[in-house]
Amino acid sequence: IKTIGGSAFKGCTSLKSIEIPDTVETIGEYTFFLCESLTTANIPDSLTAVPTGMFQRCYSLTSIEIPENITTIGEEAFYCSGLKNIEIPDSVETICEKAFESCHGLTSIIIPDNVKVVEADAFAGCENLTDIFCEAESKPEGWDEAWNASCDATVHWGYSPVVADKMGDLNEDGFVDKSDYVKLKRFCFNTIQLTEYEKEVNSRNITIQYVSMNAASKIFAVIRCIE
């Protein structure tokens, strides 16, 4: 198979998993539109772009790996999908309009320095997205003025990841950094305050609560890294 046509699997509501071979060189637009039960899928290494609307309204798709050779994330590629986390590789240069719009499961995202273009409303309607970590020192010229419109996330410019010790790598992305702080809230049981650390990260009142000894060691690893 070398080509998968546009809307090829549109509305296949019972489709749960698919593996696309690397022999596929071309994929049309809206390939898996409204495949609401799709939980497992891949983007073949043979592509250089995630096609327009490829996983639009795939409500059950919570994660997917974007290959290192992808340079463009197409318009509405993940619109209203179930993504909870996504890693944008350094190869990506363009994030098109509404690429991640209404991905309500996203809480944080890192945008590499190589991304030269982010079009309008790329993260619009991501109501649970609290932090966008940008490796660029300031908004690049090629980013649309409305790149983060309708998105209340705090934008952190000049983000610089450091190599993780495994203890502090809460989101398992290979780094210990401020994005791991967001994950600390998921270990909540009883109230503990980390006031100074809160100020260091983003000056917001976030309550960190009791965690297991293993999770506690991860917290201190993150604090040491940031400080």
Side-chain angles (χ1 to χ4, degrees), residues 43 49-50 55 61-74 77-79 81-140 142-144 147-186 197 200-204 206 218-219 221-227:
I43 300 168
V50 182
F55 296 105
L61 187 67
T62 58
S63 65
I64 192 169
E65 181 179 353
I66 299 178
E68 288 289 344
N69 51 309
I70 293 293
T71 60
T72 301
I73 299 175
F78 298 100
Y79 179 97
S81 70
L83 287 180
K84 292 183 178 180
N85 56 77
I86 190 75
E87 181 177 348
I88 300 174
D90 290 339
S91 58
V92 171
E93 298 177 355
T94 301
I95 299 175
C96 293
E97 186 174 355
K98 301 182 179 181
F100 296 99
E101 182 172 346
S102 297
C103 289
H104 302 304
L106 287 178
T107 57
S108 66
I109 195 166
I110 299 170
I111 303 180
D113 193 36
N114 289 337
V115 176
K116 305 304 181 187
V117 175
V118 180
E119 295 182 353
D121 299 319
F123 304 99
C126 294
E127 57 188 21
N128 294 310
L129 185 62
T130 58
D131 296 273
I132 301 175
F133 299 93
C134 303
E135 292 183 7
E137 293 295 330
S138 59
K139 187 180 78 67
W143 291 28
D144 194 278
W147 73 274
N148 61 336
S150 302
C151 174
D152 295 328
T154 300
V155 179
H156 304 270
W157 298 106
Y159 164 81
S160 180
V162 295
V163 177
D165 82 28
K166 292 183 180 179
M167 254 171 131
D169 188 15
L170 298 184
N171 59 5
E172 298 181 348
D173 63 353
F175 302 100
V176 175
D177 49 48
K178 293 180 181 180
S179 65
D180 290 300
Y181 181 67
V182 177
K183 303 299 179 182
L184 300 184
K185 292 182 286 182
R186 298 186 180 182
Y197 183 52
E200 175 69 22
V201 175
N202 53 21
S203 301
R204 290 187 293 172
I206 298 177
K218 292 183 177 183
I219 289 175
V222 174
I223 293 173
R224 287 197 305 272
C225 169
I226 299 301
E227 291 180 345

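Here the structure is a predicted model, which is why all the values come from computation and not from measurement.
- Side-chain contact between Y159 and I132 is absent, with no heavy-atom pair separated by less than 4.5 Å.
- For the pair E119 (side chain) and E97 (backbone), a donor-acceptor distance under 3.5 Å is present.
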I would like to know whether I95 and W143 meet side chain to side chain contact (heavy atoms under 4.5 Å, CB included); could you show each step before the answer? CA-CA 9 Å; I95 299 175; W143 291 28; over 6 Å; no
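- For the atom pair OG1 of T107 and NZ of K84, the computed distance is 10.0 Å after rounding to the nearest 0.5 Å.
- Checking side-chain atoms of N114 against main-chain N and O of D90 turns up a donor-acceptor pair under 3.5 Å.
- We find the CD1-OG1 distance between I109 and T130 to be 11.5 Å, quoted to the nearest 0.5 Å.
- The CD1 atom of I110 sits 10.5 Å away from atom NE2 of H156, with the distance rounded to the nearest 0.5 Å.
- By the 30° and 60° cut-offs, the orientation of the rings of W147 relative to F123 is perpendicular.
- Of the possible donor and acceptor atoms, none in the side chain of S102 sits under 3.5 Å from a partner among the backbone N and O of Y79.
- Rounded to the nearest 0.5 angstrom, D121 CG and F100 CZ are separated by 14.0 Å.
- Aromatic ring pairs are classed by plane angle as parallel below 30°, tilted from 30° to 60° and perpendicular above 60°; the pair F78 and F55 is parallel.
- Here the options are V92, I88, T94, the test is side chain to side chain contact (heavy atoms under 4.5 Å, CB included), and the partner is I70; only V92 passes.
- Atoms SG and CG, from C134 and N148 in turn, are 8.5 Å apart once rounded to the nearest 0.5 Å.
- If you take CD1 on I86 and OG on S81, they are separated by 8.0 Å, rounding to the nearest 0.5 Å.
- The main-chain N or O of D113 is found under 3.5 Å from a side-chain atom of E135 such that the two form a donor-acceptor pair.
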